[in-house]
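Throughout, a chain's letter reflects where its sequence line sits, starting with A, and its residues are numbered from 1.
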Amino acid sequence: MSTLSSIERIWFVVNLIPKGNVLPYGVVADFAGLPGRARYVSRALKLAPQNLTLPWHRVINSQGKISFANNTDAFQTQQQLLRLDGIEVNAGKISLSQYQWKPDIATLVMTLPF
DNA sequence: CCTCTGACTCAGA
DNA sequence: TTCTGAGCCAGAG
């Protein structure tokens, strides 16, 4: 039996985000069964080991923006990775109505090992 | 136990 | 649209 820890569930959900889609921190938390813990998602991504090769760049804030300051390397990197995914990014802003991942919840629930 | 710090969020203005 | 303030919560000291 596989009981994943909170941080592992967050990593699991992030890994499911398809190329060409994005998901706000808060929604990742919801899917991971941790409602109201968007800040924990950001911490989980920071703590994620490199060997996991998570698509961390697909996680943005609820306003549809990259959460790093626009004068940082991290901001530039994330923006570039999103564009490589084929996503339109303007000054760090992404259209959530156009790119937010909206999986069939029933199917998702059966997919999650928790 | 208390304080401070975030890759956050929501409601107002 | 952008900016604030308050709320949020786990970790670190």
Side-chain angles (χ1 to χ4, degrees):
Chain A
M1 64 174 251
S2 61
T3 318
L4 277 56
S5 63
S6 296
I7 196 169
E8 291 173 325
R9 295 206 299 278
I10 289 171
W11 293 339
F12 193 98
V13 170
V14 172
N15 194 49
L16 294 177
I17 306 173
K19 174 182 180 181
N21 284 102
V22 295
L23 216 52
Y25 293 90
V27 178
V28 171
D30 290 341
F31 287 175
L34 302 167
R37 296 186 219 178
R39 306 197 86 130
Y40 187 52
V41 172
S42 67
R43 199 175 322 130
L45 292 181
K46 179 182 295 182
L47 296 174
Q50 280 295 299
N51 58 55
L52 282 186
T53 61
L54 290 178
W56 61 271
H57 60 287
R58 296 173 188 158
V59 183
I60 60 181
N61 66 36
S62 65
Q63 308 311 299
K65 300 193 300 178
I66 287 174
S67 280
F68 291 111
N70 58 24
N71 61 333
T72 62
D73 290 338
F75 174 94
Q76 294 300 329
T77 298
Q78 184 166 18
Q79 184 168 239
Q80 178 179 244
L81 289 172
L82 286 169
R83 286 173 173 159
L84 286 175
D85 274 1
I87 292 174
E88 207 178 323
V89 190
N90 301 303
K93 290 184 275 185
I94 296 89
S95 169
L96 282 177
S97 61
Q98 188 173 0
Y99 298 108
Q100 180 171 179
W101 183 39
K102 287 175 178 171
D104 177 73
I105 303 303
T107 302
L108 177 62
V109 171
M110 293 189 284
T111 301
L112 302 176
F114 50 85

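In summary, contact between chain A and DNA chain B, defined as any nucleotide atom under 4.0 Å from a heavy atom of the protein, begins and ends at B:dG6 to B:dC10 in the 5' to 3' direction. Interface limits on DNA chain C: the 5'-most and 3'-most nucleotides within less than 4.0 Å of chain A heavy atoms are C:dT2 to C:dG11.
In this structure, A:Lys65 reaches neither bases nor backbone, as no heavy-atom distance under 4.0 Å exists between it and the strands shown.
Atom CD of A:Gln80 has 12 or fewer heavy atoms from other residues, nucleotides or ligands within 6.0 Å.
Pairing each heavy atom of A:Pro55 with each of A:Ile17, the nearest pair is CG-O, 4.4 Å.
In this structure, A:Ile7 and A:Tyr40 have side chains that are in contact, with non-hydrogen atoms separated by less than 4.5 Å. Taking the side chain as every heavy atom from C-beta outward, A:Trp11 and A:Leu4 never approach each other to under 4.5 Å. A heavy-atom distance below 4.5 Å is found between the side chains of A:Ile60 and A:Gln78.
Of the two residues contacting DNA chain B, namely A:Val27 and A:Tyr40, the nearest-nucleotide position lying further toward the 5' end is that of A:Tyr40. Place A:Gln78 and A:Gln63 on DNA chain B by their nearest nucleotides, and A:Gln78 ends up nearer the 5' end.
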Check: Can you give the dot-bracket line for DNA chain B, using ( ) for pairs inside the strand, [ ] for pairs that cross earlier ones, | for pairs with another strand and . for unpaired bases, where Watson-Crick and G-U count if both distances are under 3.5 Å?
Finding: .|||||.||||||
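For C:dG13 and B:dA7, the C1' atoms lie 22 Å apart once the distance is rounded to whole Å.
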